[in-house]
Undergrad: 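Sending over a structure as structure tokens; questions will come in a sec.
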Amino acid sequence: MSLFPSIGNKKDTRTVGRGFQSIFLIVFTVLILAGIEARLAYLQIVEGPKLRERAEANRIRMILKQPERGNIFDRNGKLLATTRYPSSVYLWPMAHTKPSWSVVGPRLAQILNIPQDEMEKKLEQAGANSSSLIRVARDLNEAEITALKEYKNELPEVEINTDSVRYYPHGKELAHVLGYTRELTPDQLKDKKQQGYRLGDVIGQMGVEKAYEKMLRGEWGGQQVEVDGAGRPIRVLGEKQAKAGNDLHLTIDLDVQKAAEKALGNHRGAIAALDPNNGAVLALVSYPTFDPNIFSKQKLSQKDWETLQGKDHPLVNRALSAFPPASTFKIVTTTAGLESGKFSPDTILQTFGSLTVGGVTFGEWNHAGFGPLGFPRAIAMSSDTFFYQVGRKVGGPTLIEWSRKYGFGQRTGIEFQGEESKGLVPDETWKKRVLKTPWTVGDTINMSIGQGALQVTPLQSAIMFSVPANGGYRVQPHLLKDNEQAKSWRESLNMKPTTIKVLRDGLRRVVSEGTGKRLDVPTIAPASGKSGTAEAGVGRPNHTWFGAYAPSNKPEIVVVAFGENTGEHGGTICGPMVLQVLEAYFQHKYPGKYQKPQLDPSEAKTQSSGHGTGD
């Protein structure tokens with residue numbers, strides 16, 4: 001029996017306690033290790049692919065290579081649109097999230113004269129984890145490039161790369177045909193992202209550039225680059241060459257286009273020229289115009305912006321905008337009269353100084369009338385009272401029907417979707433809905449001479465002139481030279497041969513003896529045409545028209561000129577414009593064949609000016 005039993009008990013207790021502690025530590029350690037292993041397993045097996053992707057994104061960057069946009073040529077291979085190669089500034093999107101941005105951002109804004117928040121907005125839109133460089137400025141000048149190099153040490157992750165930028169060597173002369181390119185807007189990017197477009201991409205915004213964007217654009221290329229922790233390139237992992245866009249050859253004839261630009265001059269209006277046999281557009285001019293090269297700048301100047309938004313609206317293509325056609329519409333009235341069976345090709349009608357119908361007086365343009373006339377001479381003299389009588393007898397529905405057969409009130413089918421007006425062929429339904437009044441005989445009489453609410457575009461008018469020129473077919477205007485579908489599209493109006501003959505006789509007499517005598521010259525092939533002078537509203541100058549085709553016996557070209565609020569008469573204002581375009585066409589196509597006659601000096605003094613009458 002021990003004398004100190006309590007001492008032994010304490011020792012045993014301490015031993016047991018230490019045992020429990022050891023077991024607890026072992027269990028705890030096992031649990032911790034199991035948790036770590038489970039977490040590792042989860043990260044490796046479940047989250048592994050995602051984490052590897054993130055790691056790769058941080059380690060691998062994509063340096064994109066913009067494709068070169070396809071060139072655009074005229075029908076003879078002359079260059080109309082190409083590419084130049086200015087320098088641009090690019091940033092990695094993560095740049096503005098780093099402490100260094102407090103130095104980089106203000107310095108770049110100062111050098112490039114771009115608001116810092118504008119750059120930040122682009123970088124934020126791309127996202128900090130984006131693996132692609134983002135362009136924040138383009139078309140750098142020498143001073144900007146020098147400054148960027150000078151401050152290179154202060155500008156980490158800022159790169160100067162060469163870009164491809166659209167260039168239009170003829171500037172304003174083809175603005176409404178070619179259109180322009182511009183960076184995608186945020187809204188456009190949302191719509192186009194699924195088609196492979198990226199932030200900063202350039203896209204056709206108007207004209208041929210917009211219509212043939214898919215063909216011209218090309219495919220992006222680039223380099224896949226491995227970088228270190230500081231973002232410095234280590235090696236190129238892969239490379240894909242950018243694929244240039246397709247070149248386009250247009251139906252436009254640059255010589256005819258330039259002649260049309262010069263002929264229109266500073267007159268607000270338009271000129272359209274095309275091949276009446278297949279609809280190939282040879283020239284399409286609108287004034288006021290603009291220089292499409294200004295859109296290749298990083299930022300429009302205040303002066304450029306004010307010009308583009310000015311009251312003359314230079315971005316509006318007046319060749320595709322609608323106006324009252326005036327007496328050029330007498331082509332349709334003649335067709336309606338003869339095809340209705342209510343008039344014969346040899347009909348003679350008395351003309352007057354005016355006609356009164358339903359208490360309303362409708363005047364003759366010369367205030368006297370022309371005596372008895374048949375259709376050809378009525379077209380030549382552009383007699384209003386002759387065509388009032390034709391319109392009244394055939395009636396509004398027949399005039400409206402033939403207006404639509406000629407293509408009025410509908411788009412022509414040219415490639416410029418969204419830029420072309422349908423014009424307007426008013427009818428009783430339209431008048432009741434818009435003006436809240438029924439159709440009257442006065443409306444029919446107004447329509448018979450191309451007045452009232454009737455509206456057509458210069459391009460639609462060119463299609464109208466093509467019908468008698470080609471023997472009775474509507475054609476589809478087009479700008480792509482190898483557009484076989486458009487070239488072969490012809491819709492017969494099923495007109496009688498006698499109707500076509502009357503039209504061709506009348507239109508020829510307009511030039512030989514009527515309101516278009518300015519075109520009766522040896523510098524062009526014998527031509528046929530029609531003038532028009534449209535009222536534009538109280539207190540506003542008249543609109544003027546002249547349309548023509550040549551040669552009269554086998555037409556190759558139709559030209560229509562329109563002057564907006566020019567005043568005077570169609571034969572006076574627009575006739576000379578059409579003549580200049582036809583001279584350019586025939587003198588380039590048939591060198592030496594159509595020349596001005598060499599006059600003896602004594603004869604030159606007595607040479608007639610060749611002015612025709614008005615209408």
Undergrad: Taking the six-membered ring for Trp and the single ring otherwise, decide whether the centroids of F370 and W365 are under 6.0 Å apart.
TA: yes
Undergrad: Filter on salt bridge (charged side-chain N to carboxylate O under 4.0 Å, His left out), then keep only pairs touching residues 347-357, sequence neighbours left out; what's left?
TA: none
Undergrad: Report the residues that fulfil salt bridge (charged side-chain N to carboxylate O under 4.0 Å, His left out) with K405, sequence neighbours left out, ordered by chain and then residue number.
TA: E401
Undergrad: Mind checking side chain to side chain contact (heavy atoms under 4.5 Å, CB included) for A368 and listing every partner two or more places apart, or none if nothing turns up?
TA: N366
Undergrad: Not counting sequence neighbours, which residues clear side chain to side chain contact (heavy atoms under 4.5 Å, CB included) with Q455? List them please.
TA: A322, P324, L424
Undergrad: Checking side chain to side chain contact (heavy atoms under 4.5 Å, CB included) against L373, which of T347, T351, I348, L349 comes through?
TA: T351
Undergrad: Measure from the side-chain N and O atoms of E339 to the backbone N and O of K496, and report whether any donor-acceptor pair falls under 3.5 Å.
TA: yes
Undergrad: What I'd like to find out is whether the side chain of P522 reaches to under 4.5 Å of the side chain of Q595, using heavy atoms alone.
TA: no
Undergrad: Given 3.5 Å as the limit, does a donor-acceptor pair link the side chain of S382 with the main chain of I379, or not?
TA: no
Undergrad: Can you list everything that forms a side chain to side chain contact (heavy atoms under 4.5 Å, CB included) with L80? Sequence neighbours excluded, please.
TA: I72, D74, H170, L174, L178, L250, L254
Undergrad: Does any non-hydrogen side-chain atom of E415 lie less than 4.5 Å from one of N483?
TA: yes
Undergrad: Does anything in residues 374-393 pair up under ring pair (Phe, Tyr, Trp, His ring centres under 6.0 Å), and if so which pairs, sequence neighbours excluded?
TA: F362-Y388, F375-F386
Undergrad: Kindly state each residue pair satisfying salt bridge (charged side-chain N to carboxylate O under 4.0 Å, His left out) with at least one member in residues 440-462, sequence neighbours excluded.
TA: K431-D443
Undergrad: Extract all donor-acceptor atom pairs below 3.5 Å that involve side chains of residues 279-292 and protein atoms in other chains or at least two apart in sequence.
TA:
{"residue": "S286", "atom": "OG", "partner": "V316", "partner atom": "O", "Å": "3.3"}
{"residue": "S286", "atom": "OG", "partner": "R318", "partner atom": "N", "Å": "2.9"}
{"residue": "Y287", "atom": "OH", "partner": "N266", "partner atom": "OD1", "Å": "3.3"}
{"residue": "T289", "atom": "OG1", "partner": "K172", "partner atom": "O", "Å": "3.4"}
{"residue": "D291", "atom": "OD1", "partner": "N293", "partner atom": "N", "Å": "2.9"}
{"residue": "D291", "atom": "OD1", "partner": "N293", "partner atom": "ND2", "Å": "3.0"}

Undergrad: Under 4.0 Å between a Lys/Arg side-chain N and an Asp/Glu carboxylate O for R166 and E209?
TA: yes
Undergrad: Could you work out, with side chain to side chain contact (heavy atoms under 4.5 Å, CB included) as the rule, every residue matching K501, not counting sequence neighbours?
TA: D505
Undergrad: Do the side chains of M447 and F329 get nearer than 4.5 Å, heavy atoms only?
TA: yes
Undergrad: Quick one: are D384 and K330 in side-chain contact, heavy atoms under 4.5 Å?
TA: yes
Undergrad: Going by ring pair (Phe, Tyr, Trp, His ring centres under 6.0 Å), name the pairs with one or both residues in residues 468-491, residues two or more places apart or in two chains.
TA: none
Undergrad: Taking the side chain as C-beta and beyond, is there a heavy-atom pair between T328 and M464 under 4.5 Å?
TA: yes
Undergrad: Could you pull out all donor-acceptor pairs under 3.5 Å where a side-chain atom in residues 577-588 meets a protein atom, sequence neighbours excluded?
TA:
{"residue": "E583", "atom": "OE2", "partner": "T523", "partner atom": "OG1", "Å": "2.7"}
{"residue": "Y585", "atom": "OH", "partner": "E556", "partner atom": "OE1", "Å": "2.7"}
{"residue": "Y585", "atom": "OH", "partner": "K589", "partner atom": "NZ", "Å": "3.2"}
{"residue": "H588", "atom": "ND1", "partner": "A584", "partner atom": "O", "Å": "2.7"}

Undergrad: Is the shortest distance from a Lys or Arg side-chain nitrogen in R508 or E513 to a carboxylate oxygen in the other one below 4.0 Å?
TA: no
Undergrad: Between the side chains of S528 and S552, does any donor sit under 3.5 Å from an acceptor?
TA: yes
Undergrad: Parallel, tilted or perpendicular, judged at 30° and 60°: which one describes the rings of F323 and H543?
TA: perpendicular
Undergrad: Which pairs with one or both residues in residues 476-487 pass salt bridge (charged side-chain N to carboxylate O under 4.0 Å, His left out), sequence neighbours excluded?
TA: E484-K487
